[in-house]
Amino acid sequence: MYIYDSVQKKKLKFEPILENRASIYVCGPTVYDDAHLGHARSSLAFDLLTRTLKAKGYEVTMCKNFTDIDDKIIKKVEATGKSMEEITSYYIERYLSEMSALGVTRANIEPKATQSLQAIESMIKKLIDKDIAYIISTGDVYFDTSKDSNYGNISHRVANDDDSKSRIEHTSQKRNPKDFALWKACKGDEDICFDTTFSKGRPGWHIECSAMIEKHFEGNGEYSIDIHGGGADLLFPHHENEAAQSRCATGHELSKYWMHNGFVQIDGEKMSKSLGNSFFLKDALNLYDGEVLRYYLNSIHYRNDFNFSEEELQLSKRRLDKLYRLKKRVTPTKASVANKSFKKSLLDAMSDDLNISIALSLIDEFIANTNDLLDRNPKDKALKKETLANIEFIDELLGFGGKEPFSYFQIGVNSELKEKIEELIEKRTEAKQSKDFKTSDAIRDELTSMGISIMDSANGTLWEKA
RNA sequence: GGAGCCAUCGCCAAGUUGGUAAGGCCGUAGAUUGCAAAUCUGCUAUUCACCAGUUCGAGUCUGGUUGGCUCCUCCA
């Protein structure tokens with residue numbers, strides 16, 4: 001298994017800190033709003049990583065957090081009058097159900113910031129005791145970046161970086177411009193805050209991830225976890241700061257490997273809430289099947305930026321359709337054992353830093369080859385059984401192809417419409433048998449206008465929703 | 001102002017350590033079909049933004065130019 005490490009900027013052989021195990025931490029969402037396609041992409045990318053590692057025999061522990069204390073959440077509390085708990089639990093539930101619609105495997109550990117306050121407090125205390133963190137008059141606690149000689153190693157930002165043009169806040173009491181808040185003291189009585197030995201307040205954004213990792217992973221004394229993941233925009237300052245805090249508090253490095261996924265773009269620009277060009281996942285799931293979205297969003301390499309377009313999504317669906325058409329051809333049958341060399345080549349592709357393009361091209365090849373063989377020998381039972389097993393392996397590794405094939409092509413068709421379609425097809429078959437092609441073609445046109453395409457096969461007429 | 005990423009067929013997109021351009025969509029010719037659809041087969045980049053260099057040999061390395069994106073503010 002090779003993965004691209006965004007700190008060393010090259011592909012590295014994956015050698016976990018504990019044999020045959022992989023510990024992964026991925027930065028999850030701040031739960032103050034609905035998830036957009038960017039969240040989906042990140043989830044999907046690391047889901048692919050998890051599935052690949054599992055298929056290769058690693059015991060994977062995946063941790064994904066929920067940031068449930070944050071300025072934006074507090075603003076939402078003020079704006080809606082709802083409690084923080086009400087807001088965050090609503091969005092957490094939505095997030096989980098939308099990700100599940102995309103076929104994302106649930107993380108083993110899903111910690112929330114509000115449940116990790118003890119770990120956060122003790123880590124901050126450790127840093128204060130070591131004089132690496134300092135308290136200013138307001139009660140805010142800052143991390144002194146000058147105390148960490150390795151600060152900048154993650155993002156490769158040098159210490160004498162020109163900060164004059166940057167938009168880092170220049171608080172007078174900060175020792176260095178790059179120092180960041182570990183703890184934000186509350187300002188008024190009505191603020192949402194938690195009591196600690198240093199001040200009443202709430203944690204900064206970066207510390208929670210570090211604290212959660214220390215809380216949930218043991219590491220090996222050299223690193224806490226194997227892989228730390230997240231969106232490319234988190235590399236700096238978030239991951240740089242996480243690494244610094246953990247390094248200084250624990251005396252060892254946070255993560256052995258760092259992986260970052262590319263963005264989802266709309267018209268060549270990053271999708272983000274501040275730009276107002278977000279495509280919310282709930283809207284996308286209203287228009288398209290989760291599996292189709294998954295296939296599309298995972299169809300290019302996770303590190304590349306992804307330019308989202310609905311036309312491309314439709315084209316992508318056609319590619320997935322082919323897999324399901326093949327599955328239709330081998331249904332019903334019982335799966336035997338997946339073809340060894342097919343399995344190996346798929347795994348090899350994914351083992352190379354999740355080379356999904358190669359994996360998908362192997363699948364296309366498999367589909368064409370199998371269709372060809374079935375054309376020549378439609379009754380090859382062994383082939384059908386193996387084909388189904390291969391498709392099951394694809395589903396296990398890549399997370400698509402697992403549906404019952406007939407229902408896949410009938411998504412969005414209610415039973416009433418279905419009855420009508422089948423009635424029309426029956427009439428058409430009768431007309432065809434009496435060679436009344438005028439009538440049969442008219443019925444086919446009617447079905448086409450309903451968005452239904454039909455295909456005559458040896459086993460009768462099959463239909464699909466376009 | 002600083003830091004970084006990217007640029008491959010009409011479109012999407014692979015391309016470890018340099019060795020002579022995967023795959024998909026679209027298009028097209030054919031097989032099959034009453035005609036279609038589905039399926040299969042063939043064809044579809046002497047060329048990898050541009051310029052120069054290193055090399056027997058570069059999409060792959062080096063330098064420069066142009067264009068696009070991202071980070072330095074919350075962000076997946």
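So that the names make sense, note that chain A is the first sequence line, chain B the second, and so on, each numbered from 1. Treat the numbers as computed from the prediction; the structure is a model and nothing was measured.
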Measuring only the P atom in each nucleotide, how far is B:U60 from B:G68? A whole number of Å is fine.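 The same atom, P, in both gives a distance of 22 Å.
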
To the nearest Å, how far apart are [X] [atom1] and [N] [atom2]?
| X | N | atom1 | atom2 | value |
| --- | --- | --- | --- | --- |
| A:E269 | B:A76 | CD | C1' | 17 Å |
| A:Y151 | B:C72 | OH | P | 12 Å |
| A:L315 | B:G24 | CG | P | 14 Å |
| A:F306 | B:C12 | CZ | C1' | 9 Å |
| A:L462 | B:A38 | CG | P | 13 Å |
| A:K270 | B:U70 | NZ | P | 8 Å |
| A:L320 | B:C25 | CG | P | 13 Å |
| A:M455 | B:A38 | CE | P | 6 Å |

Report yes or no: does [X] contribute a side-chain atom to a donor-acceptor pair with the main-chain N or O of [Y] at less than 3.5 Å?
| X | Y | answer |
| --- | --- | --- |
| A:Q265 | A:F306 | no |
| A:E240 | A:S155 | yes |
| A:Y324 | A:K403 | yes |
| A:E404 | A:S407 | yes |
| A:Y302 | A:M259 | no |
| A:S361 | A:I358 | yes |

A:G230 or A:E464, whichever maps to the more 5' nucleotide of RNA chain B: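 Looking at the nearest nucleotide for each, A:E464 comes out on the 5' side.
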
Would you kindly compare A:D372 and A:P29 by the position of their nearest RNA chain B nucleotide and give the one closer to the 5′ end? A:D372

I want to verify a distance call: between [options], whose nearest atom is closest to the [X] side chain?
| X | options | answer |
| --- | --- | --- |
| A:D456 | B:G34, B:C72, B:A36 | B:A36 |
| A:K9 | B:C5, B:A76, B:A36 | B:C5 |
| A:R444 | B:C12, B:A36, B:C40 | B:A36 |

Would you call the rings of A:F180 and A:Y151 parallel, tilted or perpendicular if under 30° counts as parallel and over 60° as perpendicular? parallel

Specify whether A:H239 and A:W258 have parallel, tilted or perpendicular ring planes, treating 30° as the upper limit for parallel and 60° as the lower limit for perpendicular. tilted

Under 3.5 Å for both donor-acceptor distances, Watson-Crick or wobble: does [N] have a partner, and if so which one?
| N | value |
| --- | --- |
| B:G1 | B:C72 |
| B:C61 | B:G53 |
| B:C25 | B:G10 |

Has [X] got a side-chain N or O lying under 4.0 Å from the OP1 or OP2 atom of [N]?
| X | N | value |
| --- | --- | --- |
| A:R329 | B:U39 | no |
| A:K322 | B:A38 | no |
| A:N261 | B:A76 | no |

Within the 3.5 Å criterion, strictly below it, is a donor on A:Y296 or A:E310 matched to an acceptor on the partner's side chain?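 On atom types as modelled, these side chains do not qualify, holding no pair under 3.5 Å.
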
Base of B:A76 and ring of A:F263 stacked, centres under 5.5 Å, planes under 30°: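 Here the ring of A:F263 and the base of B:A76 are not stacked, as the 5.5 Å and 30° limits are not both satisfied.
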
With distance as the sole criterion, do the side chain of A:R157 and the base of B:A3 form a donor-acceptor contact below 3.5 Å? no

Listed in order of residue number, which residues of residues 374-391 of chain A have a non-hydrogen atom at under 4.0 Å from RNA chain B?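 Only A:D375 qualify.
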
Test item: A:S224 and A:S255 side chains (from C-beta on) under 4.5 Å apart, heavy atoms: no

Would you please name every residue forming a salt bridge (Lys or Arg N to Asp or Glu O under 4.0 Å) with A:K465, sequence neighbours left out?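 Per chain and number, A:K465 pairs via salt bridge (Lys or Arg N to Asp or Glu O under 4.0 Å) with no residue.
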
Restricting to nitrogen or oxygen on both sides, can you table the protein-nucleotides 15-18 of chain B pairs closer than 3.5 Å?
unit_1 : atom_1 : unit_2 : atom_2 : d
B:G15  : OP1    : A:N355 : ND2    : 3.2

